[in-house]
Amino acid sequence: MFTQGPSLTVRLVVLVLISILLMTLDHRQQHLSAVRSSLSIVVSPIQFLVDLPGNLGSWVTENLSTRRTLLEDNARLRSQHLLLEAQIQKTAALERENRRLRELLGSSFKVSDRVLIAELYKVDLDPYKHLVRVNKGSGDEVYIDQPVLDSAGVMGQIIEVNPIYSTARLITDSSQVIPVQVNRNGLRTIAVGTGSLNQLSLPYLPNHADIRKGDLLITSGLGGIYPFGYPVAVVMDVVADPGSPFAHITAAPTAHLDRSREVLLVWSGYNLEQDEIDTPGPEARP
Amino acid sequence: MYGRQQGGLAILISMILALALTVIPMSDVLRLIKPEWCALVVIYWCMAVPGRFSVGSGWFVGLLLDVLQGSLLGQHALAMALVAYITVNLHQRLRVFPVWQQGLTVLMLLSLYQLLLLWFDGIIGLQPKAWTYWLPPISGMLLWPWTYLLLRKLRRYYNVT
């Protein structure tokens, strides 16, 4: 690139200093999102290129699937739809009743959240960090720390937003913690990622805590990032070790962390009172 | 990279392919032994045309890799710049080495690269604790002869000097 100019060593030293400065700024503050965004424009064609064969594959499968499969699918989805519809009717009534009761109690409580469906890019990021990339960015009002769900539970939170895509860290990443509570009795604790895709650990519960194998853990809403009440994991194993102050508890995430293609981005704290108080049924507003 | 001399396109294409190969989705086993394609290609160009491709270009490729992989901005860039620096300093010796001896040097360079990345991950508290972390330099060494032959063919075809 530079044929003349400063010597190689001087260039190396300057670049190393710039890198250290960049890393410090990037780690300590979020000041570099502009730099990242502009570089992401260079990089996103590569991402698109890598994603293309997978997209093409699913397009071909969709278009070449037989009439019979389609009919079967259709029948299955129809019955599932009916079932869910019936459940939603009940939910709507319950939600209404719940809200009325809470109003009586004088507490403000938001039952429904605004969601947006996003697709995952088929790109492989660092194998030792559990990151995924979704195809919605700041253009769709995605924000840092936003919760990401799939149909079965909580997947993670957004850590980086670019104009056309954003990056999310899964709850199983070893740097990730999520405040949860046991659905059966409301026992609150924190679930910590283990770095393995099918395991979370609950390191802060005493040996005598009321928790059993098979308990469902849901988000507790504490911490202000994840909204209350979404399923997170199912307790797999509880080992009470008399020699240590805390029990060894592991749980398996309910979300399909390695299989989902579509994810949901959630805006929690959506102001329900403003425009939803009289519409029947909680429909998703994409 | 387009420039006064010809063949900038070859460098650009090889770099884009390396970046794409880095993020291409693979099975769980393959992704653990996936070599650092970008580092391999940077090493080759630094060895073959150090007048055109050296520390600065390597650093920029590292920066793109940081954005692509969502790592700390500057992490891969620093490691790549250092690898490029060592390669440029060794390039005359590397060129006359037989391929297996080049492979050993590449192993050393890739291990250094991996070590630096590990170090920065450790500083921000995200250190991976698996021995498999050290597999990519070895697979990189094993793939070096093919990378070398392929890129040499590309370089001769496009007459990169």
Side-chain angles (χ1 to χ4, degrees), chain A residues 1-3 5 8-27 32-33 35-51 53-54 121-129 131-133 159-160 162 166-169 173-175 195 197 258, chain B residues 1 3-5 16-17 19-26 28 30-32 34 50-60 62-82 84-86 88-89 117 120-121 123-130 132-133 136:
Chain A
M1 266 175 118
F2 330 87
T3 23
L8 206 61
T9 316
V10 174
R11 269 187 265 155
L12 177 74
V13 170
V14 170
L15 290 175
V16 165
L17 289 179
I18 294 176
S19 310
I20 292 174
L21 187 74
L22 280 177
M23 279 192 275
T24 320
L25 284 177
D26 199 23
H27 186 49
L32 288 176
S33 49
V35 182
R36 249 180 213 281
S37 302
S38 44
L39 282 172
S40 75
I41 294 164
V42 185
V43 163
S44 49
I46 296 173
Q47 222 159 256
F48 178 74
L49 192 78
V50 169
D51 195 38
Y121 272 116
K122 283 201 181 79
V123 295
D124 191 10
L125 306 176
D126 195 324
Y128 296 97
K129 289 169 199 148
L131 302 175
V132 291
R133 196 151 277 173
I159 54 160
E160 180 201 324
N162 285 305
S166 38
T167 312
R169 181 169 282 149
D173 189 281
S174 50
S175 69
L197 258 185
D258 50 352
Chain B
M1 278 186 224
R4 308 156 291 277
Q5 300 126 312
I16 288 176
L17 279 180
L19 284 167
L21 276 175
T22 311
V23 292
I24 213 156
M26 283 195 241
D28 282 347
L30 280 179
R31 71 193 295 235
L32 287 181
K34 180 172 62 183
R52 299 188 62 185
F53 194 100
S54 72
V55 177
S57 321
W59 182 79
F60 187 68
L63 203 64
L64 288 184
L65 201 56
D66 280 326
V67 177
L68 196 62
Q69 292 210 295
S71 53
L72 209 54
L73 207 62
Q75 190 179 359
H76 286 89
L78 198 163
M80 202 71 96
L82 206 67
Y85 176 78
I86 299 172
V88 171
N89 274 329
L117 295 182
F120 296 127
D121 276 342
I123 289 175
I124 60 169
L126 296 172
Q127 203 153 26
K129 292 187 195 72
T132 49
Y133 186 78

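These numbers come from the heavy atoms of this one structure, side chains and all, not from hydrogens, waters or symmetry mates. Residue numbers begin at 1 in each chain, while the letters A, B, ... track the order of the sequences.
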Inset, instruction - Can you tell me which residue pairs pass the side-chain hydrogen bond (donor to acceptor under 3.5 Å, both in side chains) test with a partner in residues 38-51 of chain A, sequence neighbours excluded? - result: Gln47(A)-Arg133(A), Asp51(A)-Asn55(A)
Quick check on [X] against chain A: is it the side chain, the backbone, both or neither that has a heavy atom closer than 4.5 Å?
{"X": "Asp66(B)", "answer": "backbone"}
{"X": "Thr132(B)", "answer": "both"}
{"X": "Tyr133(B)", "answer": "both"}

Inset, instruction - For each of Leu39(A), Leu21(A), Leu131(A), Thr167(A), tally heavy-atom pairs with chain B at distances under 4.5 Å, and name the one with the top tally. - result: Leu39(A)
Legend entry - Thr9(A) and Tyr85(B) side chains, donor-acceptor separation under 3.5 Å: yes
Legend entry - Contact winner vs chain A - Leu32(B), Leu64(B), Thr22(B), heavy-atom pairs under 4.5 Å: Leu64(B)
Legend entry - Top of Val23(B), Ile24(B), Leu17(B), Ile123(B) for chain A proximity - count of heavy-atom pairs under 4.5 angstrom: Val23(B)
Inset, instruction - Side chain from CB out, backbone as N, CA, C, O: work out which of these in Val42(A) comes under 4.5 Å of a heavy atom of chain B, or both, or neither. - result: side chain
Legend entry - Contact class of Val14(A) relative to chain B, heavy atoms under 4.5 angstrom: neither
Legend entry - 4.5 Å side-chain heavy-atom contact, Asp121(B) and Lys129(A): yes
Inset, instruction - Not counting sequence neighbours, which residues clear side chain to side chain contact (heavy atoms under 4.5 Å, CB included) with Leu82(B)? List them please. - result: Leu12(A), Leu112(B), Leu116(B)
Legend entry - Residue pair Ser71(B) / Asp26(A): nearest heavy atoms and the distance that separates them: O-OD2, 4.3 Å
Legend entry - Shortest non-hydrogen separation from Trp59(B) to Ser19(A) and the atoms involved: NE1-OG, 2.8 Å
